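Keep in mind that this is a model prediction, so the values were computed, not measured.
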Amino acid sequence: MALHSSAVCFNGVAFSRRNFMSCRRQTVKVSAFTCPPLSSVARLNVTGKAVSGNDAPETKDNSLVVCFGEMLIDFVPTISGLSLAESPAFKKAPGGAPANVAVGISRLGGSSAFIGKVGEDEFGYMLADILKENNVHSEGMRFDPGARTALAFVTLRNDGEREFMFYRNPSADMLLEESELDYDLIRKAKIFHYGSISLITEPCKSAHIAAAKAAKDAGVILSYDPNLRLPLWPSAESAREGIKSMWEIADIIKISEEEISFLTKGEDPYDDAVVRKLYHPNLKLLLVTEGPDGCRYYTKDFSGRVKGLKVDAVDTTGAGDAFVAGILSQLAVDLSLLQEEDRLRDALKFANACGALAVMERGAIPALPTGEVVLDALLKSVA
């Protein structure tokens, strides 16, 4: 749905808004991302037109973000504060961290694609339709006739935090094979985004490694959100090893405070020296999300903290994915943000607002904001 072009201004810097497309997940505790009044905000890249999910992207110059991994159904309770057994009913909501990011980018007006596997069942077809409806390229999606689409039942506490119970023994997402990868799609990407759940079991683990290698060899920027789900791993140590196995090749990494503590075996996630231990020589940007307090950023040359927008959290599922979608939607258009701290901070204010707005509705993908909604929220924060 195209919106009429309009312009707004922060301290003399214009934002243009047009062609926004309308239409989320994490077990690490992630609260609403917040954003205080903006003193200065550079032009944000939210003018791109989302392309149809049926049309394959043609060149790497189109700022395409390819997201690799799982897509599933979250069953979210209609009443917060109850256990799974006590919940009287659940709302069916599409989710899966990489898919959430893909949809989030498209809703912000960017170009995105999803690579992964679902069951050849009603839920799998439903998820494919959701990608299409949200203009996410889905030619890399595969259907497994012998396995079901993954399900996750979510417990919501009164503060919006979650616990998960997964049904995937095995689910279709675990069975993606290297021979099923769409290498042409991977090589056309500007950014290749992935998590760690697809590294837990074979054959998906080998497919994940092959896809990331193909992207790296093609000069694609690699983005990594470990998205720790400890109950899915055989052990804590295997989770650390698996997550770190794809660490050194990533150009951009987003982690939470809890994930820092986990990876460093209990060290202080608020200590910059501890965070810097996770910064490898080829990394371009390390982001640490801090729930309601916003995020921290680290590059070779500078670091800092960006606060965000205060909201009342209903369901924090997908807040981190909305944040990732927000920052990748900016970087896919202009990678020079990585070298300019002021402009990077502006992009992170935008990403924080994306994360905050995503916690105001139940479910992951249903709550992802459009670019217009994000800009309106940022405008109101300085009014």
Answer yes or no: is there a donor N or O on one side and an acceptor on the other, between the side chain of Y194 and the main chain of M246, under 3.5 Å? yes
Test D217 against K213 for salt bridge (charged side-chain N to carboxylate O under 4.0 Å, His left out), laying out the working first. CA-CA 6 Å; D217 290 346; K213 183 180 185 302; 2.8 Å; yes
Quick check: does any side chain N or O of R240 sit under 3.5 Å from a backbone N or O of F262, one acting as donor and the other as acceptor? yes
Among the clusters formed by ILVMFWY side chains lying less than 4.5 Å apart, do L175 and L181 turn up in the same one? no
Nearest 0.5 Å please: distance from the CG atom of D225 over to the CD1 atom of I243. 10.0 Å
Nearest non-hydrogen partners of L368 and G104, listed with the distance: CD1-N, 3.6 Å
Starting from the C-alpha separation in whole Å, work towards a yes-or-no answer on side-chain contact (heavy atoms from CB on, under 4.5 Å) for V275 and L286. CA-CA 9 Å; V275 178; L286 176 63; 3.5 Å; yes
Pair R343, Q330 - check side-chain contact (heavy atoms from CB on, under 4.5 Å), show working. CA-CA 10 Å; R343 295 177 62 223; Q330 302 296 299; over 6 Å; no
Do any N or O atoms from the side chain of D271 and from the backbone of A273 form a donor-acceptor pair under 3.5 angstrom? yes
Any side-chain donor near an acceptor of the partner, N135 and S106, under 3.5 Å: no
Parallel, tilted or perpendicular: ring planes of F166 versus F164, cut at 30 and 60 degrees: parallel
If we ignore hydrogens and angles and just use 3.5 Å, is the side chain of S303 paired with the main-chain N or O of Y298 as donor and acceptor? no
For E177 against P203, the heavy-atom pair lying closest together: CG-CG, 3.8 Å
More than 12 heavy atoms from other groups under 6.0 Å of OH on Y167: no
With a sphere of 6.0 Å drawn around CE of M126, does it hold more than 12 non-hydrogen atoms of other residues, nucleotides or ligands? yes
Under a 4.5 Å cut-off applied to non-hydrogen side-chain atoms, are K300 and Y279 in contact? yes
Using the side-chain contact (heavy atoms from CB on, under 4.5 Å) rule, take L64 and L185 through it: C-alpha gap first, then chi angles, then the decisive distance, then the call. CA-CA 9 Å; L64 175 70; L185 180 63; 4.0 Å; yes
Once rounded to the nearest 0.5 Å, what's the spacing between atom CE of M360 and atom CG of D312? 7.0 Å
Does E290 reach the side chain of R305, with side-chain heavy atoms less than 4.5 Å apart? yes
Using the rule that Ile, Leu, Val, Met, Phe, Trp and Tyr join whenever any side-chain heavy atoms are under 4.5 Å apart, tell me whether V101 and I252 fall into a single cluster. yes
Neighbour count above 12 (heavy atom, 6.0 Å) for E237 CD: yes
Co-membership, hydrophobic cluster, residues M174 and I209, 4.5 Å side-chain: no
Would you say that H193 contacts Y224 through its side chain, given a criterion of any heavy-atom pair below 4.5 Å between the two side chains? no
Would a distance-only check, ignoring hydrogens and angles, find a side-chain to backbone donor-acceptor pair under 3.5 Å from W247 to I253? no
Residue K92 excluded, over 12 heavy atoms near NZ under 6.0 Å: no
Stepwise side-chain contact (heavy atoms from CB on, under 4.5 Å) test for N62 and K188: CA-CA 9 Å; N62 61 10; K188 289 172 183 172; 6.0 Å; no
Any side-chain heavy-atom pair from M71 and L131 closer than 4.5 angstrom? yes
Side chains of K216 and D251: closer than 4.5 Å at any heavy-atom pair? yes
Within a strict 4.5 Å, meaning less than it, do heavy atoms of the K310 and S381 side chains meet? no
What distance do I197 atom CD1 and K205 atom NZ have between them, rounded to the nearest 0.5 Å? 15.0 Å
We want to know whether D301 and T299 form a side-chain donor-acceptor pair, criterion being a heavy-atom distance below 3.5 angstrom. no
State whether the side chain of R362 and the backbone N or O of P77 hold a donor-acceptor pair below 3.5 Å, judged by distance alone. yes
Point-to-point distance, once rounded to the nearest 0.5 Å, from CD1 of I130 to OG of S138: 12.0 Å
How many angstroms lie between CD1 in I327 and CG in L337, if you round to the nearest 0.5 Å? 7.0 Å
Once you measure the plane-to-plane angle for F75 and F123, does it fall in the parallel (<30°), tilted (30-60°) or perpendicular (>60°) bin? perpendicular
Please examine the side chains of V306 and F350, heavy atoms only from C-beta on, and report whether any two atoms are closer than 4.5 Å. no
May I ask you to say whether D129 pairs ionically with K132, meaning some side-chain N is under 4.0 Å from a carboxylate O? no
Measure the CG-OG distance between L176 and S179 for me, rounded to the nearest 0.5 Å. 8.5 Å
Using modelled atom types only, decide if a donor and an acceptor are shared between the side chain of E259 and the backbone of L263 within a distance under 3.5 Å. no
Run through K117, R142, R168 and flag the one making a salt bridge (Lys or Arg N to Asp or Glu O under 4.0 Å) with D173. R168
Which heavy atom of V118 sits nearest to which heavy atom of A172, and what is that distance? C-CB, 3.2 Å
Between P226 and I255, is any pair of side-chain heavy atoms under 4.5 Å apart? yes
Side chain H208, main chain F68, donor-acceptor under 3.5 Å: no
Taking every heavy atom of S63 against every heavy atom of V333, the minimum-distance pair comes out as OG-CA, 3.8 Å
Nearest heavy-atom contact between T149 and L72 is CG2-CA, 4.4 Å
Side chain D74, main chain G363, donor-acceptor under 3.5 Å: no
Atom OH of Y270: over 12 foreign heavy atoms under 6.0 Å: no
Donor-acceptor pair, side chain of S83 and main chain of E86, under 3.5 angstrom: yes
Over all atoms of both residues, closest heavy-atom pair of L230 and A236: CD1-CA, 3.8 Å
